[in-house]
Amino acid sequence: MNRPSSHGAIGVFDSGVGGLTVCRRIAETLPAESIVYLGDTARVPYGSKSANTVIRYATACAQLLSRRNIKLLVVACNTASAFALETLQQQLPIPVLGVVTPGALAACNCSTSGRIGVIGTRGVIESGVYEATIRRLWPDAQVFGKACPLFVPFAEEGWTEGPIIKDVVRTYLDALLQADIDTLVLGCTHYPLLRHVIAEVAGSHVRLVDSAEETARDVVRVLGEHDMVLPADEQGAHTFLVSDCPDGFMDLGAQFFGRPLERVEWVDVCDG
Ligand code: DGL
């Protein structure tokens, strides 16, 4: 692997706005680092698409970011992490991190009973990636998955509380709660926005795992290993790119990033 310069940025991509929850944690943990974020808003959602299509889209996003002087790439999208991580790790000459292994690791650290629930997009749940990763770390763990596709539009519409979303959450979580899980992985970029209502329905005995925090720790670890951490007194720049609808991204993005996005630039993410 060519040694990337410590002055490169951290590249982060997602199918759209959701990965800003991961980007936010990285920015909070590493304020000195510059980040270039790409949301593939022209082709969102990835969660209902086939593995081949997601790999193609993810490859195009990674190629675009790799032309922006990045030293490390974070695949913030759970679906792209499930399907495309290995391909991207083989293609790029820089470290490429996903969100699944950090989330699985955090779940294993949280759980005492080894009965772990995972919620995510259809793609993530059908891929079985969390189950396989958790069981590699903890072979006796029992993993219960449930696809919750309606959570993404609810989060994007800002419907994060109230009786309707509570009913939807209850319906989706029913079988997992019947299975007596003690830990629940929020295996989708959007679910941290619904954390409050998910926690209320799941009950205080179920611990929620948000892979964004663990992913940020992973970024620190990998930058350290490659001697690429910038001095803490620097102030990183944040650049936001999208493949469609920059204005809508800017409005919605503030909720996911936790603060306003100063500027959002349109880019042409060609299919590689
Ligand atoms: N970012 C996706 C994920 O975390 C959710 C939205 C989508 O389906 O594209 O899997």
Side-chain angles (χ1 to χ4, degrees), residues 11-26 37-62 65 73-85 87-88 96-104 106-107 117-131 133 145-160 168 172 184-195 198 208-216 218 240-245 248-249 252-253 255-257 269:
V12 181
F13 82 86
D14 177 47
S15 54
V17 74
L20 287 172
T21 55
V22 179
C23 188
R24 173 183 185 165
R25 293 282 171 238
I26 298 171
Y37 179 93
L38 170 62
D40 192 9
T41 45
R43 301 185 286 196
V44 67
Y46 284 9
S48 52
K49 305 222 162 57
S50 68
N52 281 345
T53 297
V54 173
I55 291 171
R56 224 176 65 226
Y57 291 175
T59 302
C61 290
L65 285 172
L73 178 67
V74 178
V75 183
C77 177
N78 285 260
T79 312
S81 293
F83 291 137
L85 188 67
T87 306
L88 300 182
V96 182
L97 310 181
V99 288
V100 170
T101 300
V118 179
I119 51 177
T121 63
R122 281 210 175 87
V124 163
I125 298 305
E126 284 169 15
S127 75
V129 67
Y130 271 103
E131 175 163 15
T133 311
K146 178 75 186 170
C148 306
L150 288 175
F151 285 179
V152 168
F154 271 109
E156 294 205 354
E157 287 299 320
W159 283 36
T160 54
V168 174
Y172 276 141
L184 179 62
V185 181
L186 308 181
C188 173
T189 49
H190 288 62
Y191 298 179
L193 271 84
L194 304 174
R195 191 186 179 111
I198 294 172
L208 302 189
V209 170
D210 168 2
S211 48
E213 279 166 33
E214 202 61 31
T215 302
D218 218 23
F240 301 98
L241 313 173
V242 290
S243 52
D244 203 5
C245 302
F249 184 90
L252 193 58
Q255 290 164 44
F256 285 74
F257 195 53
V269 183

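Keep in mind that the numbers below use all heavy atoms, side chains included, and drop hydrogens, waters and symmetry copies. Each ligand, and each atom within it, is numbered from 1 in the order the structure gives. Just so you know, residue 1 is the first one in the sequence shown, and it goes up from there.
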Those residues that, when tested against Asp218, pass salt bridge (charged side-chain N to carboxylate O under 4.0 Å, His left out) (two or more places apart) | Arg221

Close side-chain approach of Leu88 and Thr59, heavy atoms under 4.5 Å = yes

Rounded to the nearest 0.5 Å, what separation is found between the OG1 atom of Thr21 and the OH atom of Tyr191?
-> 12.0 Å

What residues, two or more places apart in sequence or in another chain, satisfy salt bridge (charged side-chain N to carboxylate O under 4.0 Å, His left out) together with Arg24?
-> Glu28

Salt bridge (charged side-chain N to carboxylate O under 4.0 Å, His left out) partners of Glu214, counting only residues at least two apart = Arg217

Just checking, any donor-acceptor pair under 3.5 angstrom between side chains of Thr79 and Thr121?
-> yes

Per the under 4.0 Å non-hydrogen criterion, ligand 1 touches Asp14, Ser15, Val44, Pro45, Tyr46, Gly47, Cys77, Asn78, Thr79, Thr121, Cys188, Thr189, His190

